[in-house]
Participant: 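Here you go, one structure.
Lettering follows sequence order; numbering is per chain, from 1. What you see below is based on every heavy atom in this structure, not just the backbone, and it leaves out hydrogens, waters and symmetry mates.
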Amino acid sequence: VSALLRKLSEATGVSGREDEVRAMLVEELRGTADSARVDAMGNLVAMRRGTGASKLRVLIAAHMDEVGLMVTQVEDSGMLRFARVGGIDERILPARPVTIGPNRVPGVIAIKPVHLAEKGETDRVAAPKDLVIDVGATTKAEAERLVARGDVAAFLSEYVEPLPGSAWRTVQGKAFDDRAGCALAVALLAERLPFDLVAAFTVQEEVGLRGARVAAYAECPDCAFVLECTGANEMPVKKDLSPSTRLGAGPAITVMDASFIADPRLVDLLSATASRLGIPHQFKQPNIGGTDAGAIQRARAGVPSVTLAVPCRYIHAPTGILNLDDFDHALALMRESLQRLPGVIERSAT
Amino acid sequence: MDTVDLLRQFGEARAPSGYEAELRAVASERLGEFADDVRFDALGNVVALKRGEGDGPRPSLMLAGHMDEIALIVSGIEKGFLRVTRIGGWDARVLLGQRVTLHGRRELPGVVVSVPPHFSAPSEREKPVSLDKLFVDIGLPVDEVERQARVGDLITLRARLLRLNGAYVACKAMDDRASVAAMVLCLEQLARRRHAWDVYAVATVQEETGCIGAGAGAFGIEPTAAVAIDATFGQQPGALGPETFKMDGGPTLAVGPNIHPRMFDRLAAAAKALELPYQVEPVPGNSGTDAWSIQVARSGIPTALVGIPVRSMHTPVETVCLRDVERTGRLLAEFIVRLDEDFAATLVVKDAFAPAAPPPSGPPQAAPRPAAPPAGDAS
């Protein structure tokens, strides 16, 4: 699984430009999925036929896109002005390597040396509008040979496994949110289930749950499982607040977040299955963040939905930390829960 | 067709979000001159259909420009003065002293109160007057005001179209009447040219309050693809940043998550064929236009966004260059006549496991950058 996660993590797919990830997934699914299509927004929707024992139509969804930047202006100096695509804390931007556009032109987000900072300047956050990407061009014309207004930039962040073979199986890299979910969905499509399984690899989650909405509309599923990667905020805090999720404590089941309230039947299915099989799991602290489930739940006449997520520290930043055990447990839990799904959810009338 | 007349007729009509009837009458008449059919949908969008050639079923393109304008609404009556709140995004600083129309029991002229400098301390004049401290005065006795006005009455800005130097005009509501005018100019051209696709020119309602009309319109029409047309920021002193565009530099073509890359390519190719200038507008997320709600209607609609640069947006003196409006009309018409049956098939991939399709026929892909492979090249 580490190999697939590495490939997906290092691919670039800023919201609206998910092409590279999508092409990679098509190759991964060739041979397992029975069909795959790309819709008008760029969602990749694959289907694996089941044994036919159940007539349920089940959707799993994971988003392909990641947060990033967009070039808004090429200056006369050859420097690039940019805007953020999706939710990025502006404080992580200075002095960051990025790759720009489909040709992955390398660049860095420049910041002036601390020696030259004016009094008080280092106490203020460097506003993104004052930052530029430096691709090493000295003129506008030179920069425009490499990049264009409207190109997107992704963080440049290598996937590393610090202690391969050790018991604490953490890996570091970018865009685990939500390539971890994509990797889970790829693995689940290899399963032979009682029902047809539809996997939507969605676009534009980070700019407003946009792809999932139309994919769910088109597929009319009876229920949906959103496979995510969620923040693990384990930084020590003064007050004894419980962290959103914890690394290594198993996949996180969402009961409620800022985008939706999960269907209680599906929450029970996941937690009961985990308990029965002794799979470690945790419940995500309510009301933080949102996922595609918020859009899928509201498609057409409504879709019972739940989110299962692999915890990850430092999501939406150039380098996150994820525990592969959590990933494996998420996969095992999903596998078993899908087998037990018929009977929990009814086939809808239509 | 005289572009100034068209802009005057559209710009001077009063159509606050949710109350677009006055413009609906004008827009349906002007679009109807060149359409095969005009209807109003349940929310009040004007849907003008210009059919393509040949026997159906034909692919269809939805054009969308919004009719509604930002306005004010009465929120209270105090001692004969009207308290107001906003419909859409006003900068309260531009309202002071403006002439307005109260749409009460009858239409009455009024003015946004401004306290003369004689009665205010210098320190008071250093801060703008916030909206909650603004009153509208219709200059009638208290009891008459209470007869004429009530909470919920609309107030629109009074503005006549002003011809400025050269090709520039200023009027309220050029955002987005300039685009509705461009749709008329487009249909006028199409009346003389052959095109394969059906064209729905839709003048939408309630854009300023959340792009409501366009989403409902797209759901109802279920077009093969769509182009929203809206005002974008023209360059002016104090507004020269990356989100602003040259006046008289041609329409902008947006790129970003809201835009299907193939649609952008086709629009750029049409502009090149006409040797018509255009500007690329990067939109990193929500475009804040009808395109945003159209794109996610039903199973998703391949969408593009064309912008007309407007100076002093969301004021009673929104300024446009006539040439930009005319270019937008010509660009849309050229884009439409170049749409063939095959193009629709390039917007989605029915079988992602099939070998890569040969490059689509039709006009050369004139805009190699931004060069992300289109959504179709998945395999």
Participant: More than 12 heavy atoms of other residues, nucleotides or ligands under 6.0 Å from CZ of A/R104: is that the case?
Facilitator: yes
Participant: Relative to chain B, which segment of A/V71 carries a heavy atom at a distance below 4.5 Å: side chain, backbone, both, or neither?
Facilitator: backbone
Participant: Within the distance-only criterion (no hydrogens, no angle test), does the side chain of A/R84 pair as donor or acceptor with the backbone N or O of B/P284 below 3.5 angstrom?
Facilitator: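 Checking the backbone N and O of B/P284 against the side chain of A/R84, no donor-acceptor pair under 3.5 Å is found.
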Participant: Donor-acceptor pair, distance only, cut-off 3.5 Å: does the side chain of A/R149 make one with the backbone of B/P242?
Facilitator: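 Side chain of A/R149 to backbone of B/P242: a pair is present.
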Participant: Using non-hydrogen atoms only, which part of A/A216 is less than 4.5 Å away from chain B: side chain, backbone, both, or neither?
Facilitator: neither
Participant: Give, as side chain, backbone, both or neither, the part of A/L25 having an atom under 4.5 angstrom from any heavy atom of chain B.
Facilitator: neither
Participant: Given heavy-atom pairs under 4.5 angstrom as the criterion, report whether the side chain, backbone, both or neither of A/R300 touches chain B.
Facilitator: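 It is neither, since no heavy atom gets under 4.5 Å.
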Participant: Take atom CZ in A/R91; do more than 12 heavy atoms of anything else shown fall under 6.0 Å from it?
Facilitator: no
Participant: Going by the side chain to side chain contact (heavy atoms under 4.5 Å, CB included) test, name the single residue among A/V14, A/V203, A/V207 that passes it with B/P257.
Facilitator: A/V207
Participant: Under a 4.5 Å heavy-atom cut-off, does chain A meet the side chain of B/T224, its backbone, both or neither?
Facilitator: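 When you check distances to chain A, no heavy atom of B/T224 falls under 4.5 Å.
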Participant: Do you know the tightest heavy-atom contact between B/H260 and A/A40?
Facilitator: CD2-O, 3.0 Å
Participant: Measuring from atom CG of B/N258 to atom CD of A/Q204, what distance do you get when rounded to the nearest 0.5 angstrom?
Facilitator: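 Spacing of CG (B/N258) from CD (A/Q204) equals 7.5 Å.
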Participant: Tell me if the CZ atom of B/F245 is crowded by more than 12 foreign heavy atoms within 6.0 Å.
Facilitator: yes
Participant: Of all heavy-atom pairs between B/A352 and A/R30, which one has the smallest distance, and what is that distance?
Facilitator: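 Looks like O-NH2, 4.2 Å.
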Participant: I'd like to know which of A/V152, A/N43, A/V85, A/V74 tops the heavy-atom pair count under 4.5 Å against chain B.
Facilitator: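 Most heavy-atom pairs within the cutoff with chain B belong to A/V85.
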Participant: How about A/K140: does its NZ atom have over 12 heavy atoms from other parts shown lying under 6.0 Å from it?
Facilitator: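 Yes, the 6.0 Å shell around NZ holds more than 12 heavy atoms from other groups.
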Participant: Quick one: pull up CZ in B/F353 and CZ in A/R37 and give me the separation to the nearest 0.5 Å.
Facilitator: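 CZ of A/R37 is found 12.5 Å from CZ of B/F353.
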Participant: Rounded at 0.5 Å granularity, tell me how far CG in B/L347 sits from CG in A/D39.
Facilitator: 11.5 Å
Participant: What is the distance from atom CG of B/N286 to atom CZ of A/R210, rounded to the nearest 0.5 Å?
Facilitator: 7.0 Å
Participant: Just verifying a value: how many Å separate B/S299 OG and A/M41 CE, rounded to the nearest 0.5 Å?
Facilitator: 11.5 Å
